[in-house]
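Reviewing the structure listed below.
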Amino acid sequence: MEQRALGRSGLVVSRLGLGTMTWGRDTDADEAAMQLTAFVDAGGTLIDTADVYAQGESERVLGGLLADVVPRADVLVATKASGRTGPGPMGRGSSRGHLLAALDASLERLGLEHVDLWQLHAWDDATPLEETLAACDTAVSSGRARYVGVSNYTGWQTAQAATWQRAWPGRAPVVSTQVEYSLLQRGVEREVAPAAEALGLGILPWSPLGRGLLTGKYRHSTPSDSRGASPPWQGFIDQLRSPAADRVVEAVITAAEGLGTTPLGVALAWLRDRPGVVAPIVGARTAHQLQAVLDAVGVRLPSAITTALDDVSAPHFSYPEHRPEH
């Protein structure tokens with residue numbers, strides 16, 4: 001698997017990241033072990049989790065596997081903080097107290113002395129940004145995190161955070177932004193992607209397969225064993241369903257048939273090669289599902305197909321992110 005620097009940093013990661021949101025809930029430890037082994041054997045290094053995934057069980061499962069299945073030195077561990085992990089006003093958010101306590105709890109669950117990438121999971125209106133970013137500086141200077149990033153930030157939030165950290169020597173630079181990005185969700189191209197490019201952040205797309213819709217498995221019906229048939233996930237997937245989304249899915253299926261590959265392979269290849277994208281984060285409930293992703297790593301799209309997919313999925317741009325030429 002190809003490796004690439006994460007933004008303008010020295011952190012080099014695999015061109016796919018392994019998401020672990022289902023670990024400890026829908027994916028048990030044995031299945032997770034098969035996923036991790038297959039991913040590392042394919043050249044993958046970046047493993048992404050969060051303190052809120054399965055109420056911390058995702059981190060705990062990953063920590064156990066790094067102790068017994070795959071050497072810690074073979075992977076890069078990324079986790080996140082700011083989500084609710086306890087009761088009361090200090091149980092969530094991006095205050096210094098919550099963030100550093102959350103990081104210590106993550107390290108304990110993971111059984112690690114440090115994580116390679118620590119990400120702010122969401123913007124917090126209730127906390128001054130300088131306090132939040134000072135916690136990131138502390139995390140890096142104390143050795144508990146090697147690099148820091150943001151997740152689910154808007155364009156102006158991304159730019160403000162990255163600029164603040166660059167404004168004074170010695171601060172830990174923001175090196176990445178993890179956002180939802182796929183052929184069915186291209187809104188980040190309006191402001192987030194330009195901000196990331198201008199400020200040297202690598203983009204880590206989550207849900208690169210459009211919450212599963214781009215695989216084509218929901219084309220005619222909802223499989224009974226899929227997440228779309230599960231009450232906790234049905235609404236999440238249905239949010240992206242629309243006549244416009246159906247047209248994109250059909251275009252992906254047509255391209256896959258023409259290339260002799262899978263819709264998954266086409267959708268992933270299109271995203272992987274977008275400007276600024278470093279490593280789409282692919283999550284799988286089973287090792288079989290992950291293997292289908294790994295089998296598609298080598299797919300390359302002809303320029304004509306890339307252009308056709310660009311056109312059918314193009315987001316609406318208007319003032320001020322796009323001004324007509326005079």
Are Val248 and Leu309 connected in a single hydrophobic cluster, I mean Ile/Leu/Val/Met/Phe/Trp/Tyr linked by side-chain heavy atoms less than 4.5 Å apart? yes
Picking from Asp48, Thr79, Thr27, Thr49, what satisfies side chain to side chain donor-acceptor pair (under 3.5 Å) with Thr20? Thr49
Trp123 meets the ring-ring contact (aromatic ring centres under 6.0 Å, His included) criterion, sequence neighbours left out, with Tyr153, Trp156
Apply side-chain hydrogen bond (donor to acceptor under 3.5 Å, both in side chains) to Asp295 and list each qualifying residue two or more places apart in sequence or on a separate chain. Gln291
So does Glu113 have more than 12 non-hydrogen atoms from other groups sitting under 6.0 Å from CD? no
Side chain to side chain contact (heavy atoms under 4.5 Å, CB included) partners for Pro302, two or more places apart: Leu259, Ile305
Side-chain donor/acceptor pairs under 3.5 Å, residues 86-99, sequence neighbours excluded:
from: Ser95; atom 1: OG; to: His98; atom 2: N; distance (Å): 3.1
from: His98; atom 1: ND1; to: Met90; atom 2: O; distance (Å): 3.2
from: His98; atom 1: NE2; to: Gly83; atom 2: O; distance (Å): 3.3

Partners of Tyr53 by ring-ring contact (aromatic ring centres under 6.0 Å, His included), sequence neighbours excluded? none
Glu131 CD: over 12 foreign heavy atoms closer than 6.0 Å: yes
Hey, are Arg247 and Glu250 close enough for a salt bridge, meaning a charged N less than 4.0 Å from a carboxylate O? no
Separation of Glu189 CD from Arg274 CZ (nearest 0.5 Å): 4.5 Å
Expected output: side-chain Ser207 to main-chain Arg211 donor-acceptor under 3.5 Å: yes
With sequence neighbours left out, write down each residue that passes side chain to side chain contact (heavy atoms under 4.5 Å, CB included) with Ala279, or none if nothing qualifies. Val13, Leu46, Leu204
Within the side chain of Gln289, is there an N or O that forms a donor-acceptor pair under 3.5 Å with the backbone of Arg285? yes
Exceeds 12 heavy-atom contacts within 6.0 angstrom, atom CD of Gln3: yes
